[in-house]
Amino acid sequence: MLYFDNAATSWPKPEVVYETHDRVLRQGGSAGRGVNQSSLRAGRELFHTRKALSRLFGIASTERIVFTQNITESLNVGLHGLLQTGDHVLISSLEHNAVVRPLEYLKKSGISYTIVPCSREGFLDPAIVESNFQPNTRLLCFTHASNVLGTILPIKQLGQIAKAHHCLFMVDAAQTAGVIPIDVEDQHIDFLAFTGHKSLSGPQGVGGYYARPDLVLNPLIYGGTGLHSLTLEQPDIWPEGMESGTRNIPGIAALGAAVEFILHEGLPNIRSHELQLMSILLEGLEHIPEIQILGPRDINARVGLVSCVFRNHTPDSVALELDRCFDIVTRSGLHCAPLAHQTAGTIDRGALRISINYSQAESDIAALLAALNTILGGSM
C-alpha cells in the first residue's frame, strides 16, 4: 500500500513509536494514582513527553502543557474555556470544523465571530485581519496551515497584531507541528492546540494544548485528578486539574518518543525532505492536463499536501480507483473544512487531497503520478 493521507493520520510511524507504545502498555500503571512503582513510572512517561514538547515548541513552563485525546478537544477547551458572553472572535476562511462548529454553538451564549477572507490560494492579508477588529474582539483563532490548500499562514504577524490589540491568540497547529518551527514566545501564541497523530508522528487518540502561564482557563471536563481528592471542587493545579480521568499513558509515551525522533532528525531536515517531495509531486501533477491544482504554486508557502480537482472526473471516483486498482490511499471530499472549499471554489464537488510523510521516497511519488496518468489519460 502507498499511503498519501498523512494530513488525516500519518503512517507509518517511526519504529520507536510502536516499540514505546508496546513497552508502556505492557508495564502498566496509571499516573497520579497511588505511590506504587507502576504509577510513578507512568508519571515519568508523562513528564518526559511534556519535556520533549516544551523543547519542540519553545515552552518554558512544562506544567502548562495539557494532554487531551485530540486537537478537536484541545480547541474546544480553548474556545469554551476562554470566551465569555459578549466576546468576539476573528477566524480565517480556512478554518476546520473543529473551530467553526464550537463557535457556532457558542453563539447561543452571546459570543460572535467574523470570518476573515483569504485569497483563492489561501493567502491571508494581515491588514484585512486588523480591519475586522471590533471593540469586543477578545480572541484571534487561526490555523497555522490549511488542511485543504496547504497554505501556511503568517502566525508571527498575527501574534503581533493580537498583542498590539491586547487580544488572545490561539493557533491550530494540526498540519504544522513537527514540520514547521513553532515558538510560542517568539510568535506570541497564548494558546497552542496540537494533535499527536499527524505530522508529530505519534499514535491516534493523543493530543494536547499549551496555555500561557497567566491565562485563566476553565476545564472542559471535571472529575478525578489524583490530587486533593477530599475537596469536591476541581483543584486549580496545572496540569492535573485540567486532565481529569485516566490518561492514555501508552499513547502519550509513544507521542514523546515521536517528538524525540523529530528533535533528533531536526526540523530543517524534515522540512527539506518534504519540500523535495512536494517539488516533484507538483511538477508531475502540472503535466497532467486533467488536473487543476489548488493552493499556492510556491512550495515554500505550503505544507506537505496538495489538493486537486479534475476536468472530467470527480474526486471521489479518482480516489476510489487509486485505492481499488493501485492500492494507493488518498482523501477525497470536503475534509471537514467547508470554509476552505468555499474559499477555493470547490464547495460543490470537494477535492482529492494528497499528503506526504517524512518516511516516503521519490519512488513513491513516481508511482502515484504513474497511477494518476493511467486513470486520467495523461502523459509523463
Side-chain angles (χ1 to χ4, degrees), residues 3-14 16-17 49 52-59 65 70-71 74 94 96 98 122 142-156 158-159 171-184 186-187 189 192-204 206-210 254-282 295-296 298-307 331 335 337 340 353-362 364-365:
Y3 186 85
F4 288 98
D5 194 19
N6 293 284
T9 293
S10 62
W11 183 88
K13 311 296 183 181
V16 68
V17 173
T49 300
L53 288 164
S54 69
R55 289 168 57 201
L56 183 65
F57 298 139
I59 295 169
I65 297 173
N70 50 48
I71 195 169
S74 300
L94 302 178
H96 193 278
F142 288 89
T143 184
H144 193 179
S146 169
N147 73 316
V148 174
L149 300 175
T151 315
I152 301 171
L153 271 60
I155 62 167
K156 184 170 183 177
L158 294 172
V171 174
D172 170 356
Q175 299 299 331
T176 56
V179 178
I180 305 296
I182 296 172
D183 187 306
V184 297
D186 181 62
Q187 295 163 333
I189 299 171
L192 177 71
F194 61 89
T195 196
H197 67 106
K198 299 180 190 285
S199 51
L200 279 179
S201 299
Q204 293 162 305
V206 180
Y209 61 87
Y210 157 80
L255 172 60
V259 174
E260 291 287 0
F261 173 85
I262 289 168
L263 291 168
H264 179 266
E265 293 293 304
L267 288 182
N269 293 328
I270 294 173
R271 177 60 169 163
S272 176
H273 183 65
E274 178 178 86
L275 291 175
Q276 181 182 8
L277 295 182
M278 284 298 294
S279 177
I280 297 168
L281 176 59
L282 286 171
D298 180 5
I299 59 171
N300 293 291
R302 66 191 307 155
V303 290
L305 69 88
V306 56
S307 296
R331 170 77 182 277
H335 311 96
R353 185 181 67 191
I354 301 162
S355 47
I356 62 176
N357 185 302
Y358 181 58
S359 67
Q360 290 176 313
E362 294 180 13
D364 298 321
I365 305 296

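For reference, positions follow the sequence shown, starting with 1. Since we're looking at a predicted model, the values are computed, not measured.
Residues Gly256 and Ala52 share a closest heavy-atom pair of O-CB, 4.3 Å. Heavy-atom minimum distance, Ala145 versus Val303: CB-CG1, 3.8 Å. Heavy atoms only, all atoms of each residue included: Ala174 and Ser199 are closest at O-OG, 4.0 Å. Closest approach of Ser355 and Leu305 over heavy atoms only: CB-CB, 3.7 Å. Between Gly58 and Val184, the shortest heavy-atom contact is O-CG2, 3.5 Å.
A distance of 5.0 Å separates CG in Leu53 from CD1 in Ile65, rounded to the nearest 0.5 Å. Within the model, atoms CD1 of Ile152 and OG1 of Thr176 stand 8.0 Å from one another, a figure rounded to the nearest 0.5 Å. In this structure, CG in Leu200 is found 12.5 Å from CZ in Phe261, a value given to the nearest 0.5 Å. Note: Ser359 OG to Asn6 CG = 7.0 Å, rounded to the nearest 0.5 Å. The CD atom of Gln204 sits 13.0 Å away from the CG atom of Leu255 when rounded to the nearest 0.5 Å. One finds the CD atom of Gln187 at 10.5 Å from the CZ atom of Phe57 (value rounded to the nearest 0.5 Å).
Checked by atom type and distance alone, the side chain of Ser74 never pairs as donor or acceptor with a backbone atom of Ala193 at under 3.5 Å. Remark: the backbone N or O of Ala8 is paired with a side-chain donor or acceptor of Lys198 at under 3.5 angstrom. When atom types are taken as modelled, the side chain of Gln360 and the backbone of Asn357 share a donor-acceptor pair closer than 3.5 angstrom. Distance alone, capped at 3.5 Å, places no donor-acceptor pair between the His335 side chain and the Ala337 backbone. In this structure, the side chain of Ser201 does not engage the main chain of His197 through any donor-acceptor pair within 3.5 Å. A donor-acceptor contact shorter than 3.5 Å is absent between the side chain of His144 and the backbone of Asp172. Formation of a donor-acceptor pair under 3.5 Å by the Ser146 side chain with backbone atoms of Leu94 is not found in this model. For Asp364 (side chain) and Ala361 (main-chain N/O), a donor-acceptor pair under 3.5 Å exists by modelled atom type.
Annotation: side chain to side chain donor-acceptor pair (under 3.5 Å) contacts of Asp186 (sequence neighbours excluded): Lys156.
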Item to check | Chi angles and distances behind the salt bridge (charged side-chain N to carboxylate O under 4.0 Å, His left out) call for Arg302, Glu274 | outcome: CA-CA 10 Å; Arg302 66 191 307 155; Glu274 178 178 86; over 6 Å; no
Checklist entry - Between Leu267 and Val179, does a side chain to side chain contact (heavy atoms under 4.5 Å, CB included) hold up when you go through it step by step? => result CA-CA 6 Å; Leu267 288 182; Val179 178; 5.6 Å; no
Checklist entry - When you look at Arg353 and Asn147, which way does the side chain to side chain contact (heavy atoms under 4.5 Å, CB included) test go after all the steps? => result CA-CA 9 Å; Arg353 185 181 67 191; Asn147 73 316; 3.6 Å; yes
Next on the checklist: Checking Ile299 against Leu282 for the side chain to side chain contact (heavy atoms under 4.5 Å, CB included) test, could you report, in this order, the C-alpha distance in whole Å, the side-chain angles of both residues, the deciding distance, and whether it holds?
Outcome noted: CA-CA 8 Å; Ile299 59 171; Leu282 286 171; 3.4 Å; yes
Checklist entry - Do Ile356 and Met278 pass the side chain to side chain contact (heavy atoms under 4.5 Å, CB included) test, and can you show the C-alpha distance, the side-chain angles, and the key distance before you say yes or no? => result CA-CA 8 Å; Ile356 62 176; Met278 284 298 294; 3.7 Å; yes
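For an aromatic pair to be called close, the ring centres must be under 6.0 Å apart, and Phe194 with Tyr210 fails this.
Within the 4.5 Å cutoff, no side-chain heavy atoms of Leu281 are placed close to those of Phe4. Looking only at side-chain heavy atoms (C-beta outward), Val306 and Leu149 stay at 4.5 Å or farther from each other. Taking 4.5 Å as the limit, some side-chain heavy atom of Glu362 sits within range of a side-chain heavy atom of Leu277. No side-chain heavy atom of Thr9 sits under 4.5 Å from any side-chain heavy atom of Asp5.
Under the 4.0 Å criterion applied to side-chain N and carboxylate O atoms, Glu265 and Arg271 are not assigned as salt-bridge partners.
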